[in-house]
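Have a look at the structure below before the remarks.
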There are 2 protein chains.
Amino acid sequence: MTESGARLDHLVSVLKGRGYRLTPQRKAVLQILAASDGHLSVEQIYARVKKDFPMTSLATVYKTVTLLKEMGEVLELGFSDGGNRYDGRKPYPHPHLICIRCRKIIDPEVTALSHLPQEVASSTGYRIVNHRLDFFGICPECQAAENQAGNNSAGQAARRNSIRRW
Amino acid sequence: MTESGARLDHLVSVLKGRGYRLTPQRKAVLQILAASDGHLSVEQIYARVKKDFPMTSLATVYKTVTLLKEMGEVLELGFSDGGNRYDGRKPYPHPHLICIRCRKIIDPEVTALSHLPQEVASSTGYRIVNHRLDFFGICPECQAAENQAGNNSAGQAARRNSIRRW
DNA sequence: TATTAACGGATAATGATTATCTGTTACGAT
DNA sequence: ATCGTAACAGATAATCATTATCCGTTAATA
Ligand SMILES: [Mn+2]
Ligand SMILES: [Mn+2]
Ligand SMILES: [Zn+2]
Ligand SMILES: [Zn+2]
C-alpha cells in the first residue's frame, strides 16, 4: 500500500462513514489531494481532474474541497490576495513557508511550537481552536533568478535597503 | 505629547518625507490609525473618517491604507473570508489572537519567537522577509454568551466533540 | 429495477478590493 | 498672494475568487 493510497482509503472511508455519496468526480478530487505532496489551488485541482473527467465543473471542485475542509480532512490556507491553497495530507495546523515570487509553499521543520496555543489560552482566557504560522520569503530558485536579472547593482542595493529595524 | 500624538507626527513626517501630499482626508485616516488601539477594518476607518469629513469616499480610505502599508507604517492582516484589518501602531510582524465569533483581534504576549525566521532561513535556504502567526479562538465574552444560549445540553456536547486528536 | 435524496454542471450573484476617469487641490515656484 | 501643475479625491465600473441557485442526473439502497 502506497502512502497516498492509504490516505485515499482514509478519505473515502470518512466520506462514506458520514453518509456522503462517492461520485467519480469526488473520487478524482480525493485522489489528487491524497497524492499531492504540495499545496494545491482549486484551479490546479480542477486542471488535474479534467484530465480524467473532462466534464467536471469548477464548482464541483469547490464543493468537494469545502466538504473535506468541514470534515477536517483538508487544511485550507486562505489568502486575501490570490486563491486559497489546500493541503490534503496534513489537515492539522502546521507552519508553512511561502515564496512571494513563485507562490510555492512547503512545510518547513520548526521546533517546539505545540505549547504556544496552551500558553496563549492561559494568559488571555480565550479558548484556542486553531492557529496558523506562515513564513514569507524567496525560495532558492527565485533568489538565483533574481541574481541573474539585476546583477551587481540595483538588486543588491535594494536588498540592503529592504532590511528593516523595528 | 500623547502616545497617539507622537505616532501621528511620525506618520505625517514619513508621508511628507517621501513627497506625498497631506490632504485633510489623509490626515483623518492617519489620526484614526494612530489613535486606535485595535485592528480596524477599512469600513470602520471609513465610518470614523466620515464623522469629520462626510464627503470622504471609501476608495480614498483604501488608497491611504494601501499607501501606508507600502511604506511599512501599517500592518495589514489579510483574511480570505471577510475584510482585511489594519494595525496602525505596530507595523512590524507580531502574533494575533482572533475571536472567530465576534472578530475581535488582540495582541497576545507570546514568548520567544524572534529566532524562528532565522531558524527557518537556515534550514531551507529561503530568504525570509516576513511572517505571521495567528491564533483563532473564542474570547471570554463570547464564551459567556455561548454558555447562556445553549446550556446543559447541545452546546457542551458539541464542544466535547470538537476536540480533535492529530 | 425502481425510488429518491444527494449530487453535478452551468451560470448568476456576491463582496472586498482595485482600476479608471474627471474635476479639485495642496504646495512649491514665481 | 497668485499661479501652475502633478497629485489627489470622489464616483463608479471592473475584477476575481468564491458562493448560491437552479435543474437535470445518478449513486446507493432495497
Ligand atoms: Mn502543509
Ligand atoms: Mn496587532
Ligand atoms: Zn520561488
Ligand atoms: Zn468574541
Side-chain angles (χ1 to χ4, degrees), chain A residues 11-32 39-71 74-86 103 105, chain B residues 11-32 39-71 74-86 103 105:
Chain A
L11 294 177
V12 169
S13 73
V14 170
L15 217 61
K16 303 211 75 169
R18 302 206 188 183
Y20 290 105
R21 277 165 46 181
L22 188 59
T23 63
Q25 295 88 342
R26 277 184 181 164
K27 215 178 301 187
V29 172
L30 297 197
Q31 160 117 31
I32 287 158
H39 303 80
L40 302 177
S41 69
V42 169
E43 288 288 349
Q44 286 173 320
I45 298 170
Y46 179 52
R48 297 189 193 185
V49 169
K50 284 216 287 192
K51 290 176 186 168
D52 293 319
F53 296 88
M55 289 300 298
T56 306
S57 83
L58 184 59
T60 294
V61 178
Y62 270 105
K63 291 173 193 167
T64 302
V65 158
T66 301
L67 179 64
L68 290 169
K69 175 184 63 172
E70 287 165 355
M71 299 193 312
V74 133
L75 180 67
E76 180 182 64
L77 298 177
F79 294 95
S80 59
D81 54 340
N84 296 347
R85 306 281 286 268
Y86 296 88
R103 285 290 183 179
I105 302 179
Chain B
L11 294 177
V12 169
S13 74
V14 170
L15 216 60
K16 304 211 75 169
R18 303 208 187 182
Y20 291 104
R21 278 165 44 180
L22 188 59
T23 64
Q25 296 88 343
R26 276 185 181 165
K27 216 178 301 187
V29 172
L30 297 196
Q31 161 118 32
I32 287 159
H39 302 80
L40 302 176
S41 68
V42 169
E43 288 289 349
Q44 286 174 319
I45 298 170
Y46 178 53
R48 296 189 194 186
V49 168
K50 283 217 288 191
K51 290 175 185 169
D52 292 320
F53 296 88
M55 289 299 298
T56 306
S57 83
L58 184 57
T60 295
V61 179
Y62 271 104
K63 290 174 195 166
T64 303
V65 158
T66 301
L67 179 64
L68 289 170
K69 175 185 62 171
E70 286 167 354
M71 298 193 313
V74 133
L75 181 67
E76 180 182 63
L77 297 176
F79 294 96
S80 59
D81 53 340
N84 296 348
R85 305 281 286 270
Y86 297 87
R103 284 292 181 175
I105 302 179

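None of the values given here were measured: they were computed from a predicted structure. Letters A, B, ... mirror the listed sequences (proteins, then strands); counts begin at 1.
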**Study point:** Heavy-atom check, side chain of B:Tyr86 versus side chain of B:Val42, under 4.5 Å
**Key:** yes
Exercise for review: Mind calculating the distance between CG (B:Leu22) and P (D:dA7) to the nearest angstrom?
Suggested key: 16 Å
**Study point:** Phosphate contact (C:dG9 OP1 or OP2) by A:Gln25 side-chain N/O below 4.0 Å
**Key:** yes
Review point. Does a nitrogen or oxygen in the side chain of B:Ser57 sit under 4.0 Å from OP1 or OP2 of D:dA11?
Key: no
Revision key, fill the gap. Letter by letter from the 5' end, nucleotides 16-23 of chain C scores (B base, S sugar-phosphate only, - none; protein heavy atoms under 4.0 Å) SBBB----
**Study point:** N/O (side chain, A:Lys16) to phosphate O (OP1/OP2, D:dA27) under 4.0 Å
**Key:** no
Point to revise | Distance in angstrom units between A:Leu30 CG and C:dC7 C1', rounded | key: 14 Å
**Study point:** Distance (rounded to the nearest 0.5 Å) between A:Ile105 CD1 and A:Phe79 CZ
**Key:** 4.0 Å
**Study point:** Nearest heavy atoms of A:Tyr46 and A:Ser57, plus distance in Å
**Key:** CE1-C, 3.6 Å
Point to revise | Length of the CD1-C1' vector between A:Ile45 and D:dA17, whole Å | key: 14 Å
Review point. Taking all non-hydrogen atoms of both residues, which atom of B:Arg26 and which atom of B:Arg21 are closest, and how far apart?
Key: NH1-O, 2.7 Å
**Study point:** Atom pair CG/NZ of A:Asp52 and A:Lys27 - distance to nearest 0.5 Å
**Key:** 12.0 Å
**Study point:** Value in whole Å for how far the C1' atom of D:dG10 lies from NZ of B:Lys50
**Key:** 12 Å
Exercise for review: Can you tell me the distance, in whole Å, between the CZ atom of A:Arg18 and the P atom of D:dA28?
Suggested key: 17 Å
Check your understanding: Can you tell me how far P of C:dG9 sits from CZ of A:Arg26, to the nearest Å?
Key -> 11 Å
Review point. If you take all heavy atoms of A:Gly78 and A:Asn84, which pair is closest and at what distance?
Key: CA-OD1, 3.2 Å
**Study point:** Side-chain donor/acceptor of A:Arg21 to base of D:dA28, under 3.5 Å
**Key:** no
**Study point:** Minimum-distance pair of heavy atoms, taken over all atoms of B:Leu68 and B:Leu11
**Key:** CD2-CD2, 4.5 Å
Check your understanding: Roughly, in whole Å, what's the span from CG in A:Asp81 to P in D:dT18?
Key -> 11 Å
Review point. Within this structure, what is the CZ-to-P distance between B:Phe53 and C:dT25, rounded to whole angstrom?
Key: 13 Å
Exercise for review: Indicate whether OP1 or OP2 belonging to D:dA9 is found under 4.0 Å from a side-chain N or O atom of B:Thr23.
Suggested key: yes
